[in-house]
*Asks:* 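Below you will find the structure I want to go over with you.
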Amino acid sequence: MKLASAKQMRDLDNEAIQRRGIPSIDLMERAAEGVAEAALALLPVRPGKARAAVLCGAGNNGGDGIAAGRLLFLRGVPVRVFLASSYDRLTPDALEETGRLSECGIPLEEFDPEDREQASWIRACHVIVDALFGVGLSREIAPGSLFAAAIDQINASRAKVVSADIPSGVETDTGRILGRAVRADKTVTFTLPKPGLAAGDGALFAGQVEVRDIGIPADLVQKLACPVMTVERDFVQASLPPRKAGGHKGDFGKVLVIGGAVGYTGAPYLAASAAVRGGCGLVYLGVPESIWEIETVRSVSAMPFPLADKRGKLSQKALPAILERLESCDVLALGPGLGRWEQTESLVLDLLRQTEKPVVLDADGINALEGHIDVLDIRKGLATILTPHDGEFARIGGDTSGGRVQAARDFALEHGCFLVLKGHRTVTATPSATVLVNTTGNSGLAKGGSGDLLTGLIAALLAQGASPGMAAAGAVWLHGRAGDLAAARLTEYCVTPEDVLASLPEAFLEITK
């Protein structure tokens, strides 16, 4: 699903109003209708027994809230509407809605954080409409300001909260929290969802997101080119390479997994196992000789083989054997459980320099690039997929202070690679500046070994013929979905990587039946 930036939404509104002649007040009324309906649906009691509060700013988002307050009143809900700004700052449409509210006998009250009676009403409400800021907010909310006090009172209430378009305090294009933000139970967003509702902390503050059509012409929405999108089930279905009915194991790709060290025997096993589960025809697992027997006993479908090591870690002497095995393989998955050691890091860099095969780089394979990012740049034009978490990303020069979406896009563009920035709502960025935000997964995946599964799954889809971007984003979705299925049975506390691995067939079944 497309995610529209703040500028794109402003341009859409202007196009609809100025060139298509749609009255802006009509758009506001439709937006308010969606917000009011969502608020009514959240009421725990009948409208006549409930009470509501609307906290709004002076902009058009505030106008949406003022109109929603009137609609709640007309549906029998006692409501008070508070303006956390000054009347002389109201936009023309917000001023028009204020007049309509007044005609119903409801004043637009000035919000006063020191007014105990106001605070008591807000605290005891059944539902609150948050219409303080719309998609245009880009500055920090100053501590001690009127807006900060309004957000604090909303969050302190036990009421259900509906945000209009985006929770106030969430940056639209990044999902960053600008000092503080409203924690919504539901966000009614207009026309298209926004990146800040899907990525970063904004996804945690938005609650359930409902997209409301407010009358922007469909052709304008359809032709809008959005470089940021969410990954949904249909995308994953399209990412899966077809299976030949008469195919043999050589038709479904060959993956070479290189990893492991003494004390880190689980990581390469999990990566290789996920590659097998992901449909790969042949999976080879190269590990240090010191742990080869362990991997041999553990592995059934993957094929372990020993490599030269020293002190329980791979040494540079392993390079010729790896390159020889790689000649007959389609994809190299490099890094799970490698450990950090000068010779191992040199081995990783040499492999990146000397092979043109697609590479999925994870864990200590990524860490080897610290101080050597030029080696990644050498591979521009080749398929290189990096799967860092935030700490690994920072070591190789990534900066998420401006938001994870922008950080991933900038890195992928600069270095000509595919970047899978792991975490809540994992972000996949491509060298063509497309960013794909994942929609599956839960806290049960926040355990050692989960990333190794993802590495193997990406490699499997890539080896079977999926494009790098489709393989990466599709594998992230499947990995997260398997985690969701496992958590539904076992709780997020108890899920292990082995449980996620065992749930992969269910995730695949959902998108292949």
Side-chain angles (χ1 to χ4, degrees), residues 27-57 60-84 94 97-98 100-109 111 113 115-134 147 149-170 181-191 193 197 202-214:
L27 299 179
M28 185 170 285
E29 282 289 322
R30 294 189 190 107
E33 183 71 32
V35 172
E37 287 180 4
L40 287 166
L42 289 176
L43 287 177
V45 294
R46 290 187 294 106
K49 299 289 186 179
R51 64 181 185 177
V54 178
L55 283 91
C56 57
N60 282 340
N61 185 259
D64 297 336
I66 294 167
R70 184 188 83 248
L71 295 174
L72 286 173
F73 169 77
L74 293 175
R75 287 164 172 79
V77 181
V79 62
R80 292 174 67 177
V81 184
F82 302 103
L83 176 65
E97 293 293 0
T98 300
R100 296 180 182 185
L101 182 71
S102 180
E103 289 173 2
C104 294
I106 303 173
L108 179 59
E109 305 177 49
F111 173 68
D115 187 318
R116 293 185 178 180
E117 190 274 333
Q118 282 188 11
S120 176
W121 178 276
I122 293 168
R123 188 168 54 250
C125 273
H126 296 90
V127 68
I128 296 173
V129 172
D130 155 41
L132 294 167
F133 294 108
F147 293 118
I151 290 172
D152 288 346
Q153 287 201 20
I154 292 172
N155 288 341
S157 173
R158 290 176 293 181
K160 297 293 185 180
V161 178
V162 178
S163 286
D165 216 5
I166 194 164
S168 295
V170 173
V182 169
R183 288 189 176 274
D185 295 285
K186 187 166 191 174
T187 298
V188 179
T189 196
F190 311 131
T191 307
L197 298 173
L204 299 172
F205 280 67
Q208 181 186 359
V209 177
E210 175 188 328
V211 182
R212 182 80 177 193
D213 178 6
I214 62 171

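Source: prediction; values computed, not measured.
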*Asks:* So, Asn155 side chain and Arg183 main chain: donor-acceptor pair closer than 3.5 Å or not?
*Replies:* yes
*Asks:* Please determine whether the number of non-hydrogen atoms from other residues, nucleotides or ligands lying under 6.0 Å from atom NZ of Lys160 exceeds 12.
*Replies:* no
*Asks:* Show the nearest heavy-atom pair for residues Ala36 and Leu71, with the distance to one decimal.
*Replies:* CB-CB, 3.9 Å
*Asks:* Quick one: closest heavy-atom pair of Ile151 and Ser168, and the distance?
*Replies:* CD1-O, 3.9 Å
*Asks:* Rounded to the nearest 0.5 Å, what separation is found between the OG1 atom of Thr187 and the CD atom of Gln208?
*Replies:* 9.5 Å
*Asks:* Distance from Phe82 atom CZ to Glu109 atom CD, nearest 0.5 Å?
*Replies:* 4.5 Å
*Asks:* Determine the interplanar angle of the Phe147 and Phe133 rings, folded into 0 to 90°, and report it as parallel if under 30°, tilted if 30 to 60°, perpendicular if over 60°.
*Replies:* tilted
*Asks:* If only atom types and distance count, is the side chain of Asp64 paired as donor or acceptor with the main-chain N or O of Ala131 below 3.5 Å?
*Replies:* no
*Asks:* Can you see which heavy atom on Ala84 is nearest to which on Leu132, and at what distance?
*Replies:* CB-CD2, 3.8 Å
*Asks:* Rounded to the nearest 0.5 Å, what's the gap from CD1 on Ile214 to CG on Asp165? Could you check?
*Replies:* 7.5 Å
*Asks:* Of all heavy-atom pairs between Pro113 and Ala149, which one has the smallest distance, and what is that distance?
*Replies:* CB-CB, 3.6 Å
*Asks:* Quick check: does any side chain N or O of Trp121 sit under 3.5 Å from a backbone N or O of Arg116, one acting as donor and the other as acceptor?
*Replies:* no
*Asks:* Within this structure, what is the CZ-CD1 distance for the pair Phe111 and Ile122, rounded to the nearest 0.5 Å?
*Replies:* 5.0 Å
*Asks:* Which atom pair, heavy atoms only, marks the closest approach of Leu83 to Gly57?
*Replies:* CD1-O, 3.5 Å
*Asks:* So how far is it from Arg80 CZ to Ile128 CD1, rounded to the nearest 0.5 Å?
*Replies:* 12.5 Å
*Asks:* Report yes if some heavy atom in the side chain of Phe205 is under 4.5 Å from a heavy atom in the side chain of Ile166; otherwise report no.
*Replies:* no
*Asks:* Would you say the side chain of Gln153 lies within less than 4.5 Å of the side chain of Arg123, judging by non-hydrogen atoms?
*Replies:* no
*Asks:* Any Lys/Arg nitrogen of Glu33 or Arg75 sitting under 4.0 Å from an Asp/Glu carboxylate oxygen of the other?
*Replies:* yes
*Asks:* What are the two closest heavy atoms between Asp130 and Ser163, and how far apart are they?
*Replies:* OD2-OG, 2.6 Å
*Asks:* Can you measure from CD (Glu210) to NZ (Lys186) and round to the nearest 0.5 angstrom?
*Replies:* 4.0 Å
*Asks:* Are the side chain of Ser102 and the backbone of Thr98 linked by a donor-acceptor contact shorter than 3.5 Å?
*Replies:* no
